[in-house]
Participant: 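Mind having a look at this structure? Questions to follow.
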Amino acid sequence: MTTKFPLYDSLNNLVSNEVVSLTPEIQLDLSQKIKKFDRNAHELIYALIKAYQIKNPEINQHTLPFDGKTLKSGLKFDMTKFPERLQNILAKFVELHENRTDV
């Protein structure tokens, strides 16, 4: 059974033809922006990471994906460990999240 996650599907479609390698500077900038997001945005980001893991069966389904770590403060991921497509999905999410008008 496939699970539907419209946010993931929409972002995946938005980057489908434009997957590019993110420079270390862009990865660092994204990570810093994500750190400033609220808990709800962090939960959505984790859901996007998990959705990517689920949709790619070659990724171990029984562990925290991409060498993520569980800390007292929450989960921690290293952007450089993510596949380019997932990096692009997260970059698009950050862009849209920063530009939302419901703030």
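Treat the numbers as computed from the prediction; the structure is a model and nothing was measured. Hydrogens, waters and symmetry mates are skipped; everything else that's a heavy atom, side chains included, is used.
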Participant: Report the distance from atom NZ of Lys36 to atom OG of Ser31, rounding to the nearest 0.5 Å.
Facilitator: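 Atom-to-atom, Lys36:NZ and Ser31:OG are 12.0 Å apart.
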Participant: Measuring from Phe37:CZ to Glu43:CD, what's the distance to the nearest 0.5 Å?
Facilitator: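 Between Phe37 CZ and Glu43 CD, I get 14.0 Å after rounding to 0.5 Å.
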Participant: Please report the closest heavy-atom contact between Lys50 and Thr63, naming both atoms and the distance.
Facilitator: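 In terms of heavy atoms, the two residues are closest at NZ-O, 4.5 Å.
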Participant: Does a side-chain N-to-carboxylate-O contact under 4.0 Å join Asp9 and Lys55?
Facilitator: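 The answer is yes: the pair qualifies as a salt bridge.
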Participant: Is Leu22 reachable from Val19 through a run of hydrophobic residues whose side-chain heavy atoms are each under 4.5 Å from the next?
Facilitator: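 Per the 4.5 Å side-chain linkage, Val19 and Leu22 are not co-clustered.
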Participant: First locate atom CE of Met79, then atom CG of Asp29, and finally report the distance between them rounded to the nearest 0.5 Å.
Facilitator: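 Going from the CE atom of Met79 to the CG atom of Asp29 covers 9.5 Å.
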Participant: Between Gln87 (side chain only) and Gln27 (backbone N and O only), is there a donor and an acceptor less than 3.5 Å apart?
Facilitator: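 No; judged by distance alone, with no hydrogens or angles, the pair does not exist.
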Participant: Between CG of Asp78 and OG1 of Thr80, what distance do you get to the nearest 0.5 Å?
Facilitator: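 Answer for the CG-OG1 pair, Asp78 versus Thr80, is 3.0 Å.
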Participant: Quick one: are Leu7 and Phe93 in side-chain contact, heavy atoms under 4.5 Å?
Facilitator: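 Answer yes - side chains close enough.
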Participant: Using side-chain heavy atoms (C-beta onward) and a distance below 4.5 Å, is Pro65 in contact with Ile49?
Facilitator: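 Side-chain contact under 4.5 Å: yes.
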Participant: Give me the ring orientation class for Phe66 and Tyr52: parallel if the planes are under 30° apart, tilted from 30 to 60°, perpendicular past 60°.
Facilitator: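 Ring orientation of Phe66 relative to Tyr52: tilted.
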Participant: If hydrophobic clusters are built by linking Ile, Leu, Val, Met, Phe, Trp and Tyr wherever their side-chain heavy atoms come under 4.5 Å apart, do Ile89 and Leu28 end up in the same one?
Facilitator: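 No, no single cluster joins them.
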Participant: How far does CZ of Phe77 sit from CD1 of Ile34, to the nearest 0.5 angstrom?
Facilitator: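 Taking CZ in Phe77 and CD1 in Ile34, the distance rounds to 11.0 Å.
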Participant: Side chains of Val15 and Leu11: closer than 4.5 Å at any heavy-atom pair?
Facilitator: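 A side-chain contact is absent here, since even the closest heavy-atom pair is not under 4.5 Å.
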Participant: If you measure from NZ on Lys76 to CG on Asp67, what distance do you get to the nearest 0.5 Å?
Facilitator: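 Taking NZ in Lys76 and CG in Asp67, the distance rounds to 13.0 Å.
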Participant: Compute whether any side-chain donor of one residue and acceptor of the other, for Lys35 and Gln32, lie under 3.5 angstrom apart.
Facilitator: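 Judged by distance alone, the side chains do not pair up.
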Participant: Hey, does the side chain of Asn88 reach the backbone of Val20 with a donor-acceptor pair shorter than 3.5 angstrom?
Facilitator: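 Looks like yes, one N/O pair under 3.5 Å.
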Participant: Is there a donor-acceptor contact under 3.5 Å linking the side chains of Arg85 and Asn56?
Facilitator: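 Note: Arg85 and Asn56 side chains miss the donor-acceptor criterion.
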Participant: Consider only side-chain N and O atoms of Arg39 and His42, and report whether a donor and an acceptor are under 3.5 Å apart.
Facilitator: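 No.
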